[in-house]
Amino acid sequence: MSTQAFFHSLQNGALGISIGKLDPLFGALAQLFHIAGFLLILTAILIVNLRLFGVGLRNQSVPQLVKATNPLILYGLGFLAISGLFILLPSADIYYPNPAFWAKALLLSLALIVQFTLYRKVTASESPNRTLASTTAVLSLTLWFGVAFAGRAIGFV
Amino acid sequence: MTIIEFLQLLHDSQLGTALRESLYMFPIIEGVHLIGLALSVGLILLTDLRLVGLFLRNVPVQDVLHQLRPWVLAGFAITFITGTLLIWAEGPRIWQIPVFPIKLLLIALAGLNAIWFEFKYGRTVLEWGVKPEFPKGAKVAGWLSLVSWTAVVICGRLIPYLEATQH
């Protein structure tokens, strides 16, 4: 099955059709949960990444901040995944040809890979190597902010 | 001059026209406006959650207030400048969307709340911040800020949503 056919089947599957038939209020709610999830993740990541640069809440160790912000990231990812499905499924055919959608998918995949590998490793250390910490912070911020930017661009392309 | 006439003046100006007609400028400015939110509103919400005792309870409140402040202010500068440019380009159209004036009103409310907090509690944080229980007024300011900024974001997100569904 081609990707295009897969997207078509998502929109015309039982779940896609059921979501598409819901009251438009659900569409608005999905958008609101999507931005709530976005704010939770970006703010949590920002707090930790600022600390990796040696600024922001600098009296706290990096692992302490990671521990405090982890629930925000998990809730944020949950909000984004569920609301994202509500937004994508009923209109999958529209998203398929949109280059900003694919840019977002690529950036999101990279952001998640970095999040669960390099970022996790670097932020587990009480005193990470400064260069490595700054590089990780730049990479993480660029990718997550890129996801948000590409996401907003979907509506313009 | 009415508000709509003023917005029309901005819209018809050289800058307004250039922003609107550029293929990339408007989406880029809107993207930056959104990203600035994580710095401004995002960090403010975390500060509010600390004030009401729901987040970062092990971090001294004065650290949260003082060490995050430059980033919050930088975030507000970004959202304010990009927001002004968006209004400059599309003011008359955005003004027609009923949630926009509500958003402005909520921003004013949140701003007044922040000023009140700063004068009443901000300067004495080193005294009350070390006590196990924060003053009631400081907590009320935290909740007010939490609710009003959340409402600002909701109204803000509804602007392009309502615009898209109206057309």
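What you are looking at is a predicted structure, and each value in this text was computed from that prediction instead of being measured. Order of the sequence lines sets the chain letters (A, B, ...), proteins ahead of strands, with each chain counted from 1.
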What closest approach, in Å, do B:L158 and A:A28 show between heavy atoms, and which atom pair accounts for it? CD2-CB, 4.3 Å

Same cluster for A:F116 and A:V114 if Ile/Leu/Val/Met/Phe/Trp/Tyr side chains link at under 4.5 Å? yes

Worked check of side chain to side chain contact (heavy atoms under 4.5 Å, CB included) between B:L34 and A:F149: CA-CA 8 Å; B:L34 180 78; A:F149 201 79; over 6 Å; no

Same cluster or not: B:L86 versus B:L39, using hydrophobic residues (I, L, V, M, F, W, Y) connected whenever any side-chain heavy atoms lie under 4.5 Å apart? no

When every non-hydrogen atom of B:I35 is compared with those of A:A148, the smallest separation belongs to CG1-CB, 4.4 Å

Okay, A:Q60 and chain B: the region with an atom under 4.5 Å from a heavy atom over there is side chain

Start with the C-alpha distance between B:I154 and A:I35, add both sets of side-chain angles, then the distance that settles side chain to side chain contact (heavy atoms under 4.5 Å, CB included), and finish with yes or no. CA-CA 9 Å; B:I154 291 175; A:I35 197 163; over 6 Å; no

Under 4.5 Å between side-chain heavy atoms, counting indirect links through other Ile/Leu/Val/Met/Phe/Trp/Tyr residues: same cluster for B:I159 and B:L37 or not? no

Part of B:L46 within contact of chain A (heavy atom distance under 4.5 Å): side chain

Could you have a look at A:L50, A:V157, A:L42, A:T69 and say which one has the most heavy-atom pairs with chain B under 4.5 angstrom? A:L50

In terms of heavy-atom contacts, B:D63 and A:L57 come closest through O-CD2, 3.8 Å

Minimum side-chain heavy-atom gap B:L45-A:T43 below 4.5 Å: no

Least distance between heavy atoms, A:R58 atom then B:Q67 atom: N-OE1, 3.3 Å

If the condition is side chain to side chain donor-acceptor pair (under 3.5 Å), which residues does A:N98 pass it with, not counting sequence neighbours? none

Using every non-hydrogen atom in the two residues, find where A:R152 and B:P160 come nearest and quote the distance to one decimal. NH2-CB, 3.3 Å

Rounded distance (nearest 0.5 Å) linking atom CD of B:Q62 with atom CG of A:N59: 9.5 Å

Go through the atoms of A:I47 and report whether side chain, backbone, both or neither lie under 4.5 Å from a heavy atom of chain B. side chain

Answer yes or no: are there more than 12 heavy-atom neighbours, outside A:D23 itself, under 6.0 Å from its atom CG? yes

Please round to the nearest 0.5 Å and tell me the distance separating atom CZ of B:R157 and atom CZ of A:F33. 14.5 Å

So for B:L23, is it side chain, backbone, both, or neither that comes closer than 4.5 Å to the heavy atoms of chain A? neither

CZ/B:F26: more than 12 non-hydrogen atoms of other groups inside 6.0 Å: yes

Under 4.5 Å from a heavy atom of chain B, the part of A:F156 involved: side chain

Kindly work out whether a path of hydrophobic side-chain contacts (I/L/V/M/F/W/Y, heavy atoms less than 4.5 Å apart) joins B:L15 to B:L9. yes

So, the part of A:I45 with a heavy atom under 4.5 Å from chain B: the answer is neither

Group every Ile, Leu, Val, Met, Phe, Trp and Tyr by side-chain heavy-atom contacts under 4.5 Å, then state whether A:L25 and A:I82 land in the same group. no

Audit row: B:W71, A:V55, side chain to side chain contact (heavy atoms under 4.5 Å, CB included) steps and yes/no: CA-CA 10 Å; B:W71 303 96; A:V55 293; 3.4 Å; yes

Side chain, backbone, both or neither: which part of A:A153 has an atom under 4.5 Å from a heavy atom of chain B? neither

Chain A contact via B:L56 - side chain, backbone, both or neither, heavy atoms under 4.5 Å: side chain

Under a 4.5 Å heavy-atom cut-off, does chain A meet the side chain of B:L68, its backbone, both or neither? side chain

Within a 6.0 Å radius of atom CZ on A:F26, are there more than 12 heavy atoms belonging to other residues, nucleotides or ligands? no

